[in-house]
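Take a look at the structure set out below.
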Protein chains: 2
Amino acid sequence: MAKPTKANTPITEHLAYLLAQANREINRQLELRLSKEGVPVEQWRILKVLSDGNGHSMGELADAVLLNHPTLTKMIDRMVSDTLVYRVQDPNDRRKVLMFISDRGKVLSKKLNSLAVDQEEHILESYGDKSTSELKRLLESLIDSSN
Amino acid sequence: MAKPTKANTPITEHLAYLLAQANREINRQLELRLSKEGVPVEQWRILKVLSDGNGHSMGELADAVLLNHPTLTKMIDRMVSDTLVYRVQDPNDRRKVLMFISDRGKVLSKKLNSLAVDQEEHILESYGDKSTSELKRLLESLIDSSN
DNA sequence: TTGAAAATATTGAATATTCAACGATTGAAG
DNA sequence: CTTCAATCGTTGAATATTCAATATTTTCAA
């Protein structure tokens, strides 16, 4: 008698795969827009986080922009060369470095933001207002439940 | 008079960011489980796709496992060395290569699948049955609307 | 106060990914 | 038929990321 082979879940039904696929696609679109300014998505994130004008340590920043430390250090090196951001030693804890956005960085950040907003609006149009906010809500809650 | 500064959307409210964050977290968890067998997530995907026993061309496979062509070629090279998969020239179109899973690959694939299913169950527990299926539905629809 | 442990950021070597170019094969127009 | 463009997969060089080790500073217990 033939072994009753239970049909294996196709990969397209795994949450991990759906997230990877959606992320890849949305990221690709954003990348395309930001490439108008020649800036990778990660630099947009960095500039956006620093836009509050406060100093942020490297560790804090790495968490916020979803990059691990060595990668961030090297990306920041480039951004310092481009005078988009600058380092200041934290006076309260000299192990730390505080990152600040420069005036040039602020100007670029504004341009990037409007490109990113463009994309969000484009998604809203094709995907719908309701779906978008519901998806955001569910993603936030998934992230919460994973900590 | 002070310039009326409209508060900038925080990065945590962008869909692109939420997707990246959720993907990173879920992927990290899956990676952790699969590391028990010393296999990266991408190889699990490849083995899973090839598990149907059919031959899949490199291009088809690259799309399915979310890898670009050169990266896939090099990963397949490693998997061929490990005798998990093998190449066959497509007799109908000699530009193409058909990939097949080996017996060893099938054995490994089964182990990996149960690790992946473990994870899905863990998510279901902490995140809830309803939320999970709703999230999957929304992700599928987002992906659809992006094509 | 001292000394060991933890936290922070960076570095260099090893590894992986990407970009552009290539060779081989097929398709299709003239 | 012949030729030219398109498709498919791979390669090598350039680039980026990661891992492990390091230097510095702080924390905290003895």
Side-chain angles (χ1 to χ4, degrees), chain A residues 20-21 23-25 27-32 34-35 38-46 49-50 54-82 84-100, chain B residues 20-21 23-25 27-32 34-35 38-46 49-50 54-82 84-100:
Chain A
Q21 197 180 0
N23 178 51
R24 188 180 162 85
E25 179 58 27
N27 205 58
R28 199 190 56 76
Q29 288 174 17
L30 181 56
E31 210 164 47
L32 199 64
L34 298 187
S35 71
V39 171
V41 174
E42 290 79 11
Q43 290 198 16
W44 167 64
R45 291 197 198 126
I46 292 170
V49 170
L50 296 186
N54 300 325
H56 294 261
S57 75
M58 291 296 280
E60 194 188 333
L61 202 50
D63 283 349
V65 304
L66 315 176
L67 248 33
N68 43 18
H69 292 214
T71 306
L72 178 63
T73 292
K74 284 154 193 173
M75 184 159 286
I76 288 287
D77 285 347
R78 270 168 270 164
M79 295 175 79
V80 169
S81 299
D82 297 342
L84 296 171
V85 298
Y86 57 93
R87 291 177 162 98
V88 174
Q89 169 118 238
D90 185 338
N92 296 120
D93 184 341
R94 280 155 48 220
R95 287 170 304 182
K96 293 188 184 173
V97 170
L98 297 180
M99 297 306 312
F100 288 91
Chain B
Q21 195 181 2
N23 178 50
R24 187 180 162 88
E25 179 57 27
N27 205 59
R28 197 189 58 75
Q29 288 173 19
L30 181 56
E31 210 165 45
L32 198 64
L34 299 186
S35 71
V39 171
V41 175
E42 289 78 13
Q43 289 197 17
W44 167 64
R45 291 197 198 127
I46 293 171
V49 169
L50 297 185
N54 299 325
H56 294 262
S57 75
M58 290 297 281
E60 193 188 334
L61 202 49
D63 284 349
V65 304
L66 315 177
L67 249 34
N68 43 19
H69 292 212
T71 305
L72 178 62
T73 292
K74 285 156 192 173
M75 184 158 285
I76 288 288
D77 285 347
R78 270 167 269 164
M79 294 176 78
V80 169
S81 299
D82 296 341
L84 296 170
V85 300
Y86 56 94
R87 291 176 163 98
V88 175
Q89 169 116 239
D90 184 338
N92 297 120
D93 184 341
R94 279 156 46 223
R95 289 170 302 183
K96 293 188 185 174
V97 170
L98 297 180
M99 297 305 313
F100 289 90

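Note on naming: letters A, B, ... go to the chains in the order of the sequence lines (proteins, then strands), and numbering restarts at 1 for each one. Side chains included, hydrogens not; waters and symmetry mates left out as well; all remaining heavy atoms used. Worth saying up front: this structure is predicted, and the values here are computed from it rather than measured.
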Run B:Asn54 and B:His56 through side-chain contact (heavy atoms from CB on, under 4.5 Å) and show every step you take. CA-CA 6 Å; B:Asn54 299 325; B:His56 294 262; 4.0 Å; yes

Grab the CD-P distance between A:Glu42 and D:dT17 for me, whole Å please. 7 Å

Side-chain (B:Ser57) to main-chain (B:Glu60) donor-acceptor, under 3.5 angstrom: yes

For A:Asp82 and A:Leu84, indicate whether the former's side chain and the latter's backbone hold a donor-acceptor pair under 3.5 Å. no

Separation of C:dT10 atom C1' from A:Met79 atom CE, nearest Å, is 18 Å

So, OP1 or OP2 of D:dT17: does either fall under 4.0 Å of a side-chain N or O from A:Thr71? no

Return the value, rounded to whole Å, for the distance between atom CD of A:Gln89 and atom C1' of C:dA9. 10 Å

Do the side-chain N or O atoms of B:Arg94 get closer than 4.0 angstrom to the phosphate oxygens (OP1, OP2) of D:dG9? no

Quick one: A:Asp77 CG to C:dT11 C1', roughly how many Å, whole number? 10 Å

Please report, rounded to the nearest Å, how far the C1' atom of D:dC8 is from the CG atom of B:Asn68. 15 Å

Mind calculating the distance between CE (B:Met58) and P (D:dG9) to the nearest angstrom? 7 Å

A:Asp93 or A:Arg78, whichever maps to the more 5' nucleotide of DNA chain D: A:Arg78

For A:Asp90 and D:dT26, what is the distance between atoms CG and P respectively, to the nearest whole Å? 9 Å

Rounded to the nearest angstrom, tell me the gap between atom CG in A:Leu67 and atom C1' in D:dT17. 9 Å

Between A:Pro91 and B:Pro70, which has a closest nucleotide on DNA chain D that is more 5'? B:Pro70

Ignoring hydrogens and angles, does a donor from either the side chain of A:Lys74 or the base of D:dT18 sit under 3.5 Å from an acceptor on the other? yes

Please confirm whether the shortest side-chain N or O distance from B:Arg95 to OP1 or OP2 of C:dA24 is below 4.0 Å. no

A:Ser57, nearest nucleotide to its side chain (from C:dA7, C:dT26, C:dA9): C:dA9

Please check this pair: side chain of B:Arg45 against backbone of B:Ala64, looking for a donor-acceptor N/O pair closer than 3.5 Å. no

In plain terms, say whether B:Glu25 and B:Arg28 are close enough for a salt bridge, that is, a side-chain N and a carboxylate O under 4.0 Å apart. yes

